[in-house]
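What you see is a predicted model, and the numbers here were worked out from it, not measured in a lab. Quick note: residue numbers are just sequence positions, from 1.
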Amino acid sequence: MASDSHLARTITTYECFQELRQAVEDIDDNPSFLTGTWNIPKSKLALWYKSGAAASYIKFPPSHEEDLQHLSKACLTEANGVGRLAASDFCINLGLNFAQLLGQSARNLLGMEHEDRKVRAELFEVNVLGPNASFKVPRGTPGVDDKFGTLVLVLPTEHQGGTLIVRDTKGEYKFESSQLPQSANSQGEQHEETTVAWVAFHNHLEHEVMPVVSGVRVTLTFNLYSSDSPALANNSMITAEAPDFLLKLKARLDDPSFLPLGGRLGFGLKYKYSFSAESKLKSLITSLKGADGAVVKTLNHLGLKTSLVSHYDLEELLEDPEGEWGPPEQPPDEWKRYFISDTIISMGELGSTQLHDEFDYPEYIRDSRDTKTVLNRGFVYVRNNEDSTTKRTDTEEVKVTTQFDNFVCDLGTKIVKKVLERETVTKNRETGKKTSTVDEQTVIQETEKATDTTGSQAKPNLPVINWISPNQDTNVVKTYLKELNAAIVLLADVPPYEKRRVYKA
């Protein structure tokens with residue numbers, strides 16, 4: 001039986017692993033709807049606009065209701081009560097940091113599928129909606145004139161209602177700007193900031209603003225275009241949003257039965273990056289994109305320390321694991337099979353030829369490098385994903401071949417496998433005739449781990465990595481030590497529950 005200290009640092013239910021894995025897999029790298037907030041010094045948020053033959057301005061949040069009334073009168077008001085100012089009739093200084101918000105929101109909306117495309121934004125109009133004002137825009141044609149999206153900033157004003165609803169094939173999204181705070185934390189009156197809510201969505205989607213109940217809702221609208229000559233710097237990293245993963249992981253962290261002594265969560269990277277033996281892993285964590293970046297952002301938001309490490313599996317050093325030239329070589333016991341490092345191990349292109357032929361590679365690595373041996377739990381890769389059993393009677397022979405998922409879930413004391421396909425071949429021993437049936441129904445199969453494979457011989461303080469999303473060797477760096485490669489993965493340190501409880505309080 002695995003030691004209690006290891007099990008206390010292991011997620012011991014398949015349901016928990018699967019819930020968190022599914023939440024990570026469901027992160028949308030190509031969203032059609034994004035929201036957020038942006039803080040700006042109150043002293044800078046002022047709108048200048050034409051008012052007849054004169055020019056007027058209004059600061060946000062406005063100090064007087066009359067300022068909003070004056071702005072409303074300067075607008076061209078439509079039958080639905082919506083006031084509009086064209087881009088040629090106003091100007092606003094949003095500061096240098098706003099360019100980062102534009103680039104980030106526009107490129108995230110464009111999505112990972114088009115991460116190399118460049119973008120630009122054009123200020124379109126100001127909308128002013130008083131009580132009972134509303135409007136609806138029907139579904140349009142995507143991609144007209146390279147326009148792919150709309151960015152709306154809701155300037156800080158007191159109002160109720162005016163909820164924006166956007167609809168796509170996945171469902172309906174609501175953006176209730178009236179519920180967001182108007183002021184951010186500040187240090188003295190001179191540094192006081194105000195909060196601007198923003199929403200971005202694909203321009204062809206049907207959307208509407210529900211009637212404003214009270215107050216005045218003021219928005220700035222930008223049109224987003226793909227462009228060969230961008231006005232926006234194309235240097236922001238695309239990261240997705242992960243609200244479901246955030247909620248599910250937070251609920252687990254609040255549960256005293258979840259990793260009571262703390263532990264580590266492991267995440268295989270979805271996207272391929274340009275890692276090399278010279279890569280500085282500590283600094284590259286900020287370069288993760290899409291779903292990878294969303295996972296890091298979520299973990300950091302929950303107060304977990306994250307890091308990129310190189311992960312090694314000594315099974316790769318086996319020369320004949322399949323038994324082609326004799327009995328199959330067995331991998332090392334799991335409690336000394338895997339190890340990690342904060343750096344990437346590399347012997348250079350000469351590699352193992354620099355060492356004596358009979359050199360013990362694992363011991364060399366452990367003794368001469370900053371490495372840690374670890375136990376792998378959760379969704380781990382298995383080389384052999386097929387199992388066959390044969391039963392014989394006087395009249396027939398039945399062979400059952402089962403295909404499993406390449407990734408099994410190791411709970412420390414048992415292994416959970418997802419059965420993908422089960423083929424049954426029945427052979428009549430008298431006639432030699434065979435019949436075959438294939439069952440493709442996905443089922444879950446659990447098997448107890450043998451006592452000598454549970455890591456019971458491992459040192460009590462040996463770190464445990466709970467793999468939430470499998471390491472699929474998307475980012476592999478050669479070490480030039482025979483066939484041993486470094487897989488670059490993401491880890492998160494989970495504090496013991498008592499410390500999490502204090503942090504929550």
Side-chain angles (χ1 to χ4, degrees), residues 1-26 245 248-249 251-253 255-261 263-268 311 313 315 321 328 330-338 374-391 398-425 437-458 462-472 489 494:
M1 182 66 64
S3 68
D4 292 340
S5 62
H6 294 146
L7 288 178
R9 296 194 296 272
T10 298
I11 300 173
T12 55
T13 67
Y14 175 75
E15 291 73 21
C16 178
F17 272 116
Q18 182 59 25
E19 177 187 73
L20 295 177
R21 176 183 179 179
Q22 193 62 54
V24 171
E25 291 182 349
D26 288 344
F245 178 51
K248 285 183 167 54
L249 182 54
R252 294 292 180 177
L253 293 172
D255 183 351
S257 66
F258 178 81
L259 299 178
L261 296 185
R264 287 182 173 178
L265 305 180
F267 302 86
H311 180 273
D313 181 358
E315 185 180 14
Q330 297 301 312
D333 292 333
E334 68 167 9
W335 54 274
K336 57 180 180 180
R337 171 178 170 178
Y338 306 101
V374 296
L375 285 174
N376 275 354
R377 298 290 186 249
F379 289 104
V380 296
Y381 175 78
V382 290
R383 184 187 297 271
N384 183 12
N385 64 342
E386 181 177 293
D387 182 35
S388 294
T389 59
T390 302
K391 294 182 179 180
V398 180
K399 181 179 181 180
V400 179
T401 302
T402 305
Q403 294 282 345
F404 300 99
D405 189 357
N406 280 331
F407 295 94
V408 303
C409 191
D410 188 334
L411 303 179
T413 57
K414 60 184 177 182
I415 297 290
V416 180
K417 299 179 180 180
K418 181 181 290 186
V419 179
L420 303 180
E421 178 183 289
R422 181 172 284 124
E423 180 184 27
T424 303
V425 178
T437 59
V438 177
D439 181 8
E440 295 184 353
Q441 182 178 0
T442 300
V443 296
I444 301 300
Q445 176 178 302
E446 295 186 5
T447 56
E448 297 294 324
K449 292 181 67 174
T451 304
D452 58 352
T453 65
T454 58
S456 57
Q457 301 180 61
L462 196 65
V464 176
I465 299 179
N466 297 275
W467 291 97
I468 303 302
S469 52
N471 170 25
Q472 303 189 57
V489 296
V494 178

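Annotation: the span from N471 atom CG to N376 atom CG amounts to 8.5 Å, rounded to 0.5 Å. In this structure, CD1 in I468 is found 11.5 Å from CD in E25, a value given to the nearest 0.5 Å. Distance check, rounded to the nearest 0.5 Å: NZ of K414 to NZ of K449 gives 12.5 Å. Within the model, atoms CD1 of I11 and CD of E19 stand 10.5 Å from one another, a figure rounded to the nearest 0.5 Å. Distance CZ/R21 to SG/C16: 13.5 Å, rounded to 0.5 Å. Considering CD of Q22 and CZ of F245, their distance stands at 12.5 Å, rounded to 0.5 Å.
Y338 has its side chain out of reach of L375: every pair of non-hydrogen atoms, C-beta onward, lies at least 4.5 Å apart. Looking at heavy atoms from C-beta onward, Q18 lies in side-chain contact with F379 at the 4.5 angstrom threshold. Residues D439 and V419 form no side-chain contact, since every pair of their non-hydrogen atoms from C-beta on lies 4.5 Å or further apart. Looking at T13 and L411, their side chains never come closer than 4.5 Å, going by heavy atoms from C-beta outward. The shortest side-chain heavy-atom distance between V416 and F17 does not fall under the 4.5 Å cut-off.
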- Task: In sequence, state the C-alpha distance, the side-chain angles, and the governing distance for T401 and K399, and then conclude on side-chain contact (heavy atoms from CB on, under 4.5 Å).
- Result: CA-CA 7 Å; T401 302; K399 181 179 181 180; 3.9 Å; yes
- Under the salt bridge (Lys or Arg N to Asp or Glu O under 4.0 Å) rule, what do D405 and K417 come out as? Steps first, then yes or no, please. CA-CA 7 Å; D405 189 357; K417 299 179 180 180; over 6 Å; no
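Residue P470 is tested with Y381, F407, F267 for a side chain to side chain contact (heavy atoms under 4.5 Å, CB included); the sole match is F407.
The minimum heavy-atom distance between P260 and P256, with the atom names listed, is CB-O, 3.6 Å.
Taking E423 as the reference, nothing meets the salt bridge (charged side-chain N to carboxylate O under 4.0 Å, His left out) condition, with sequence neighbours excluded. For T10, the side chain to side chain contact (heavy atoms under 4.5 Å, CB included) test picks out T12, R377, V464, N466, with sequence neighbours left out.
Remark: side-chain polar atoms of R9 are paired, donor with acceptor, to backbone N or O of L462 under 3.5 angstrom.
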